[in-house]
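For the single chain, residues carry numbers from 1 onward in sequence order. In this text, all values refer to a predicted model and were calculated from it rather than measured experimentally.
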Amino acid sequence: MELLAEFERPFFVFRHEADFQGRMLPGALLRFAQQVATDHCNAMGINDELYARTHTAFLLVRQTLEFRRVPHVDEALKFLTMPQAPRRATYKRITLVTDEAGEEVACVDSRWVLVDTEKRHILRKAPPQLDLAWPYCVERELDVSLPARPETMDPAGEILARYTQCDMNGHMNNTRYADVACDLLPVEALRSAAVRRMTLHYHKEIPLGQTASLTQARMEDGSWRITGWREGKPCFDVQLWLG
């Protein structure tokens, strides 16, 4: 299996991937980043057949998206994705987004763990088929941490993991949590500002057809914090900064 240290592919911002002001949706950019990472793995032979044979899967645990400039509808973009060798069982993947002029418009820093799907635990050492000579250090890095959750948060309804939001794993796709969080922001705030930064933590999946209750809070720095809950425990956290 040949290691490809990085992988690039073009994308085009179609109109259904933009908001009411023609700005690319954060969730759409995360979906593009997810696709280029999948294409990168497939190009190296790390595919569904290999995962099934080794009883493994990569699970996303947290990620941060940061815009330098929010892309607009009808823009052509390039996504360059670069994974890093695991540290303490966590894999980092940096995805840089550039426009037609070659200027960076966004960066995504995602953190993954490799799990044994039969024993349902994190693998500290990958099986030989997945133990590639990944680059040890990818210099770019974003802060993927979140401050402590506020003690008091306001109820914000609930979500249902609908057919159109779930992927082949049978639960809500990780990029859809960005959509859920954005939908809770006041429309008036989005008329004068855009999401400039978003950090997402994934604790427990929401299976197809099941629900999660939502809470939200305005933080001291002006950002918004959204938490999803199932069976009294958090299943995801998102924090968004506008600018």
Side-chain angles (χ1 to χ4, degrees), residues 16-17 25-42 46-65 81 83 86 89-93 95 108-123 126-127 130 144 146 149 153 155-185 195 198-216 224-240:
H16 64 274
E17 292 154 343
L25 294 166
L29 191 139
L30 291 178
R31 283 185 275 281
F32 285 11
Q34 176 180 262
Q35 187 60 51
V36 72
T38 300
D39 292 345
H40 184 196
C41 289
N42 285 337
I46 303 175
N47 51 28
D48 290 343
E49 186 277 329
L50 178 60
Y51 293 135
R53 180 155 42 90
T54 57
H55 309 291
T56 59
F58 279 105
L59 295 183
L60 181 62
V61 291
R62 62 184 65 91
Q63 63 179 336
T64 290
L65 160 62
T81 189
T90 300
Y91 294 75
K92 180 176 79 172
R93 179 179 283 274
T95 302
V108 178
D109 184 336
S110 56
R111 308 297 173 92
W112 305 74
V113 293
L114 184 65
V115 299
D116 183 315
T117 55
E118 289 190 329
K119 298 179 180 178
R120 299 186 67 82
H121 65 70
I122 296 172
L123 292 171
L130 290 165
V144 296
L146 282 176
R149 192 180 301 117
M153 300 182 73
E158 67 174 25
I159 54 169
L160 170 67
R162 301 179 185 277
Y163 164 73
T164 57
Q165 296 174 312
C166 295
D167 56 25
M168 293 170 59
N169 296 314
H171 53 72
M172 186 177 285
N173 181 265
N174 67 78
T175 69
R176 298 297 178 181
Y177 294 94
D179 298 335
V180 169
C182 287
D183 283 341
L184 289 180
L185 296 176
V195 175
M198 173 184 289
T199 296
L200 306 97
H201 285 195
Y202 307 94
H203 309 303
K204 188 176 182 180
E205 67 273 6
I206 308 176
L208 174 65
Q210 296 195 24
T211 61
S213 58
L214 302 175
T215 57
Q216 65 178 358
W224 297 85
R225 181 66 169 265
I226 292 95
T227 301
W229 303 83
R230 293 189 63 225
E231 299 173 348
K233 297 181 180 180
C235 54
F236 73 91
D237 278 289
V238 182
Q239 196 148 334
L240 310 95

With sequence neighbours left out, write down each residue that passes ring-ring contact (aromatic ring centres under 6.0 Å, His included) with F236, or none if nothing qualifies.
->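 Expected list: Y177.
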Around R120, counting heavy atoms of other residues, nucleotides and ligands shown, do more than 12 lie under 6.0 Å from its CZ?
->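 Open: at most 12 neighbouring heavy atoms sit under 6.0 Å from CZ of R120.
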Enclosure of R149 CZ (heavy-atom neighbours >12, cutoff 6.0 Å) |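 Yes, because the 6.0 Å sphere around CZ of R149 holds more than 12 heavy atoms from other groups.
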Using modelled atom types only, decide if a donor and an acceptor are shared between the side chain of D116 and the backbone of E118 within a distance under 3.5 Å.
->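 Flag set: sc D116 to bb E118 pair under 3.5 Å.
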Donor-acceptor pair, H201 side chain versus V144 backbone, under 3.5 Å?
->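 Such a contact is found between H201 side chain and V144 backbone.
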Distance check, rounded to the nearest 0.5 Å: [X] atom [atom1] versus [Y] atom [atom2]?
X	Y	atom1	atom2	result
Q63	T199	CD	OG1	9.0 Å
R176	L30	CZ	CG	11.0 Å
M172	C166	CE	SG	6.0 Å
L59	T117	CG	OG1	9.5 Å
L29	Q34	CG	CD	12.0 Å
N42	N47	CG	CG	6.0 Å

Heavy atoms only: give me the nearest [X]-[Y] pair and the separation to one decimal.
X	Y	answer
L240	C182	CD2-SG, 3.9 Å
P127	T54	CG-CB, 4.3 Å
M198	P26	CE-CB, 4.0 Å
A156	L184	O-CD2, 3.9 Å

Consider only side-chain N and O atoms of [X] and [Y], and report whether a donor and an acceptor are under 3.5 Å apart.
X	Y	result
Q165	D179	no
D237	T227	yes
R31	T175	yes

Beyond-backbone contact of Y202 with N174, side-chain heavy atoms, under 4.5 angstrom =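 Yes, close enough: below the 4.5 Å cut-off.
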Under a 4.5 Å cut-off applied to non-hydrogen side-chain atoms, are R93 and T81 in contact?
->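 In contact.
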Verify side-chain hydrogen bond (donor to acceptor under 3.5 Å, both in side chains) between T90 and W112, making sure each step is shown before the conclusion.
-> CA-CA 6 Å; T90 300; W112 305 74; over 6 Å; no
Begin with the C-alpha distance, continue with both residues' side-chain angles, and end with the deciding distance and a verdict on side chain to side chain contact (heavy atoms under 4.5 Å, CB included) for W224 and L185.
-> CA-CA 8 Å; W224 297 85; L185 296 176; 3.4 Å; yes
Quick one: do T56 and L50 satisfy side chain to side chain contact (heavy atoms under 4.5 Å, CB included)? Show the steps, please.
-> CA-CA 8 Å; T56 59; L50 178 60; 6.0 Å; no
Please lay out, stage by stage, how Q210 and R230 fare under the test side-chain hydrogen bond (donor to acceptor under 3.5 Å, both in side chains).
-> CA-CA 9 Å; Q210 296 195 24; R230 293 189 63 225; 2.3 Å; yes
